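One structure is given here, and the rest of the page talks about it.
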Amino acid sequence: MKVAALAGGVGGARLAAGLEDSLQIGGGELSVVVNTADDFDLWGLRICPDLDTVMYTLAGLENPDTGWGLAGETFATLEMLASYGEDPWFLLGDRDLATHLLRAERLWGGAALTEVTADLARRLGLRSQLLPMSDEPVGTVIHTPEGPLEFQEYFVRRGQRDAVLAVEFRGIGEARPTAAVREAVSGAEAVVLCPSNPLVSLGPILALPGMRELLSEASAPKVAVSPIVGGRALKGPADRMLYSLGHEVSATGVARIYGGLVDGMVIDRADRDERPAIEDLGMEVLATDAVMHGPPDRARLAEEVLGFAATLGRAEGGRG
Ligand code: FO1
């Protein structure tokens, strides 16, 4: 079975790892399309946090406590940068820096992000395809009462404390899904929208010109997993962002954002009362344990998501 997963950072990476494990049993193939609108430049390096989070997780190298960065990381380089008077606000570990050095060398030499990412992923032994959503740069800007903030400035440096007035994806009009993304989505037998922030993680992927059409034209059943459980985000500021931007902070609120795009929503049992509201949006609902506490949960949830997608494919009688 060929599966395309759309993912942002930690939540997306964890479900992608579960999908990879469950697909391995039947010889399936996974392509993970990853948000690149959190990417930014620091000390001459191109940092791609979501790509790296997914890459390290699929390679089994991730820091299990944070979900991002590498396990057993050290920060001697940052300490030296601090000795030079630099502000070490973004925790780039010594080993993580190797990724940024190799990426920067290839990018500054003219290679496309897709090519560089495939090379890094191959060298770390990834079994799945790791696909940046686009090769053109897109930058999320968070508009706040303090003014516009670059995404990592809002997220890491200022600890997500600012009210969010609007979200802008700079450069999105000129960006396009890559050929590899188009192929992965149109050739998939199931498309999974991972439990990532619907506004700033999957939002940029879905905002790429042509992406929604690509998804609607794909014959595969499309299933989204809610990152909101019991009115709270599983990780990060998604709940506060949804609220600030006038969305309902619930699985139903997430389903409304994906309305017309997905055939099924996977929600947590805690939110099972929302089933009728989500079904009213024209989606099937699977209520299960949607919180991933560790690797066994990832594989179990992935199995359930793929099983659910298969029933949708059958119910629709091979949609085209
Ligand atoms: N997140 C933080 O909250 N603080 C950090 O210092 C930080 C450093 C970092 C370094 C490399 C990397 O790949 C990710 C890192 N992240 C950090 C995570 C990242 O900022 C966010 O998880 C995503 O951008 C949101 O999806």
Side-chain angles (χ1 to χ4, degrees), residues 5-17 32-59 61-79 81-82 86-104 113 116-117 120-121 124 126 130 132-133 137-142 149-162 164 167 169-170 193-206 227 233-242:
L6 311 189
V10 177
R14 288 180 173 158
L15 186 61
V32 193
V33 177
V34 182
N35 172 39
T36 54
D38 295 6
D39 298 5
F40 70 118
D41 294 334
L42 189 62
W43 296 309
L45 303 172
R46 185 75 178 152
I47 316 295
C48 304
D50 286 356
L51 277 174
D52 291 345
T53 297
V54 177
M55 182 168 75
Y56 295 153
T57 304
L58 294 183
L61 297 172
E62 83 283 9
N63 177 332
D65 300 325
T66 56
W68 49 264
L70 289 155
E73 188 57 283
T74 55
F75 295 91
T77 313
L78 272 201
E79 281 161 28
L81 283 160
E86 294 288 316
D87 176 4
W89 63 276
F90 196 77
L91 294 179
L92 290 180
D94 299 324
R95 296 165 71 228
D96 187 26
L97 274 162
T99 304
H100 311 309
L101 292 173
L102 288 176
R103 176 187 293 125
L113 185 60
V116 180
T117 304
L120 293 171
L124 287 184
L126 256 66
L130 183 61
M133 65 181 201
V138 178
T140 297
V141 175
I142 306 291
L149 300 172
E150 283 188 14
F151 183 76
Q152 298 297 346
E153 190 82 19
Y154 156 80
F155 193 89
V156 174
R157 197 173 209 165
R158 296 173 61 87
Q160 306 142 37
R161 65 173 182 262
D162 301 277
V164 178
V167 175
F169 305 129
R170 256 180 213 163
L193 277 65
C194 289
S196 300
N197 186 318
L199 302 174
V200 292
S201 294
L202 297 198
I205 303 179
L206 299 176
L234 291 172
K235 200 166 190 331
D239 43 11
R240 282 168 285 140
M241 274 192 172
L242 285 166

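Both counts, for ligands and for their atoms, begin at 1 and track the order of listing. These figures come from a predicted structure and were not determined experimentally.
Contacts between D96 and ligand 1 below 4.0 angstrom, taking non-hydrogen atoms only, involve the side chain exclusively. When non-hydrogen atoms are compared, ligand 1 lies under 4.0 Å from neither the backbone nor the side chain of V10. Residue contacts with ligand 1, taken as heavy atom pairs separated by less than 4.0 Å, involve L91 via backbone and side-chain atoms alike.
At the shortest separation from atom 25 (C) of ligand 1 among protein heavy atoms lies D38 OD2, 3.3 Å. Scanning the protein for heavy atoms near atom 21 (C) of ligand 1, the closest one is F155 CE2, 3.7 Å. Taking atom 10 (C) of ligand 1 as the reference point, the nearest protein heavy-atom neighbour is F90 CE2, 3.2 Å. Counting protein heavy atoms only, atom 15 (C) of ligand 1 is closest to W68 CE3, 3.4 Å. Counting only heavy atoms of the protein, atom 3 (O) of ligand 1 lies nearest to V156 CG2, 3.8 Å.
By the 4.5 Å heavy-atom criterion applied to side chains, L91 and T66 are not counted as neighbours. A 4.5 Å side-chain heavy-atom check between P204 and T140 finds at least one atom pair inside the cut-off. At a threshold of 4.5 Å between non-hydrogen side-chain atoms, the residues H100 and W43 do not count as touching.
Atom CG of L120 is separated from atom CE of M55 by 5.0 Å, given to the nearest 0.5 angstrom. Between atom CG of residue L51 and atom CE of residue M133 there is a gap of 9.5 Å, rounded to the nearest 0.5 Å.
Listed by number with element, the atoms of ligand 1 under 4.0 angstrom from any heavy atom of D50 are 23 (C), 24 (O), 25 (C), 26 (O).
With hydrogens and angles ignored, the 3.5 Å screen pairs a side-chain donor or acceptor of S196 with a backbone N or O of G8. Q152 places a side-chain N or O within donor-acceptor distance of the main-chain N or O of D38, the cut-off being under 3.5 Å.
Taking the six-membered ring where the residue is Trp, W89 and F40 present tilted rings, their angle falling between 30° and 60°.
Inclusion of Q152 in the set of residues having an N or O under 3.5 Å from an N or O of ligand 1 is warranted.
With P49, S201, G236, G159 as candidates, the residue nearest to atom 19 (C) of ligand 1 on a non-hydrogen basis is P49.
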